[in-house]
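Before any comments, here is the structure.
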Amino acid sequence: MIFFKKDSIDYCFIHIPKTAGTSFQNTIIQNKLDNKQYNLKFKNFMDKFNCKFDHTPLYFINNYFLNEFKLQKKIEYITIIRNPWQRLASLFEQELLRESVGLHKVEKKDLRNRFNKNYELITKNLLNGLGFFDSNKRKDLFKFWLLYLGYNRKILPNLNPNFNLLPQSWWFHDELTNKSIQQTFLFEDLESLEVSFGIKLSHENNKTIKFDYKDYYDQETIEYVYNLDKFVINKYNYDF
């Protein structure tokens, strides 16, 4: 999530996980378009509550942050959305298959480690005990991650903020005002984003080993993701 300014217009980019948002934000900073004043205010605001701010939703910024600082300027919001089935597969790979897809290991990257220093070890022992790290069982591991790791807090330690439980609309639709972000770009057509802002995206978090996201799914998980993210699927005509 980042505030920036382009052609005298104030923008706020809402970063939905696994939609090339890191690439966009870094490109904005590299082109010196970031609104340092707003971004510093927002970081300090969130730090007071010991909260991460990378993926803050529209409704929070619109109804709380801007009001708190009486920032009356008109803000144009933008976001990037992605095929929901592909997005969740990518999130799964980032969370549980980092080395298998060529992502470097990030120490203590998970917020849950703040609450239980043994969280990563507990998770690995559990999954190993279930036999899910066998490469032939990746479809089973994906289902377990999708349906249980982020759902049933009795299985793993509490305070388990798994983003797979949230539809993409949670980030870009403000339920308090019933308004949505109007400038929505597609992950599948990032060239349109580049043209609109006159930038060339950097490429962050690239996986060196590519798997077909469809190989992770069965009928149950296909339907689960549809029910989770059907607003985006129906509005933007995504299919599996």
Side-chain angles (χ1 to χ4, degrees), residues 1-25 27-29 33-88 90-91 111 150-151 159-190 192-193 196-197 224-238:
M1 165 274 161
I2 191 171
F3 291 97
F4 68 100
K5 195 162 190 171
K6 184 74 166 64
D7 300 328
S8 300
I9 299 174
D10 287 296
Y11 290 97
C12 178
F13 171 67
I14 302 296
H15 183 182
I16 300 172
K18 303 312 298 177
T19 60
T22 301
S23 296
F24 180 74
Q25 290 174 193
T27 301
I28 288 296
I29 293 171
L33 299 173
D34 50 315
N35 187 330
K36 292 182 173 58
Q37 178 189 4
Y38 277 27
N39 288 322
L40 181 59
K41 280 182 179 293
F42 189 67
K43 179 183 183 301
N44 291 338
F45 179 68
M46 298 298 278
D47 282 348
K48 288 193 305 183
F49 306 103
N50 196 28
C51 287
K52 297 182 69 175
F53 56 89
D54 307 64
H55 303 291
T56 310
L58 167 67
Y59 77 84
F60 183 88
I61 297 169
N62 196 30
N63 295 291
Y64 298 105
F65 172 67
L66 296 183
N67 287 338
E68 172 78 13
F69 289 93
K70 296 180 172 57
L71 301 176
Q72 301 299 330
K73 284 186 177 181
K74 180 177 174 55
I75 303 286
E76 297 286 339
Y77 293 95
I78 70 169
T79 194
I80 305 170
I81 62 168
R82 185 178 185 180
N83 179 308
W85 291 282
Q86 191 174 35
R87 188 182 81 87
L88 286 181
S90 181
L91 185 59
L111 182 63
Y151 181 72
L159 301 167
N160 185 355
N162 195 336
F163 283 132
N164 65 345
L165 292 179
L166 298 172
Q168 291 178 78
S169 58
W170 183 83
W171 279 278
F172 67 76
H173 181 74
D174 182 351
E175 293 187 353
L176 295 178
T177 63
N178 200 32
K179 292 182 179 179
S180 294
I181 293 176
Q182 297 303 310
Q183 290 199 61
T184 303
F185 296 90
L186 304 183
F187 177 89
E188 296 78 16
D189 183 22
L190 291 175
S192 295
L193 179 67
S196 292
F197 292 99
Y224 176 92
V225 173
Y226 172 78
N227 289 323
L228 177 73
D229 224 357
K230 59 185 174 184
F231 178 88
V232 163
I233 292 169
N234 293 335
K235 183 176 177 62
Y236 296 97
N237 297 316
Y238 280 115

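All heavy atoms count here, side chains included; hydrogens, waters and symmetry mates do not. If you read the sequence from its start, that first residue is 1, and numbering goes on from there.
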Considering only heavy atoms from C-beta outward, does the side chain of [X] approach that of [Y] to under 4.5 Å?
X	Y	answer
Ile29	Ile2	yes
Val232	Pro84	yes
Ile14	Thr56	no
Asp229	Tyr238	no

Stepwise side chain to side chain contact (heavy atoms under 4.5 Å, CB included) check, Ile9 with Tyr11: CA-CA 6 Å; Ile9 299 174; Tyr11 290 97; 3.6 Å; yes
For the [atom1] atom of [X] and the [atom2] atom of [Y], what is their distance to the nearest 0.5 Å?
X	Y	atom1	atom2	answer
Gln168	Ile80	CD	CD1	11.0 Å
Asn83	Leu186	CG	CG	10.5 Å
Ile78	His15	CD1	NE2	11.5 Å
Thr177	Asp174	OG1	CG	3.0 Å
Asn39	Met1	CG	CE	6.0 Å
Lys6	Ile28	NZ	CD1	8.5 Å

Would a distance-only check, ignoring hydrogens and angles, find a side-chain to backbone donor-acceptor pair under 3.5 Å from [X] to [Y]?
X	Y	result
Gln182	Ser180	yes
Asn63	Tyr59	yes
Trp171	His55	yes
Arg82	Glu188	no
Thr27	Ser23	yes
Thr184	Thr79	no
Asp34	Lys36	no

Side chain to side chain contact (heavy atoms under 4.5 Å, CB included) assessment of Lys41 paired with Phe3: CA-CA 10 Å; Lys41 280 182 179 293; Phe3 291 97; over 6 Å; no
Parallel, tilted or perpendicular, as decided by the 30° and 60° cut-offs, for the rings of Phe172 and Phe231: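 Correct class here is tilted.
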Parallel, tilted or perpendicular: ring planes of Phe42 versus Phe60, cut at 30 and 60 degrees: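 The rings of Phe42 and Phe60 stand perpendicular, inter-plane angle above 60°.
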Cys12: which of Phe4, Tyr77, Tyr38 passes side chain to side chain contact (heavy atoms under 4.5 Å, CB included):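 Testing Cys12 for a side chain to side chain contact (heavy atoms under 4.5 Å, CB included) against Phe4, Tyr77, Tyr38 leaves exactly one candidate, Tyr77.
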Aromatic centroids of Phe24 and Phe185 separated by under 6.0 Å: no
Shortest non-hydrogen separation from Arg87 to Thr19 and the atoms involved: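 Nearest pair, atom of Arg87 first, then Thr19: CD-CG2, 3.9 Å.
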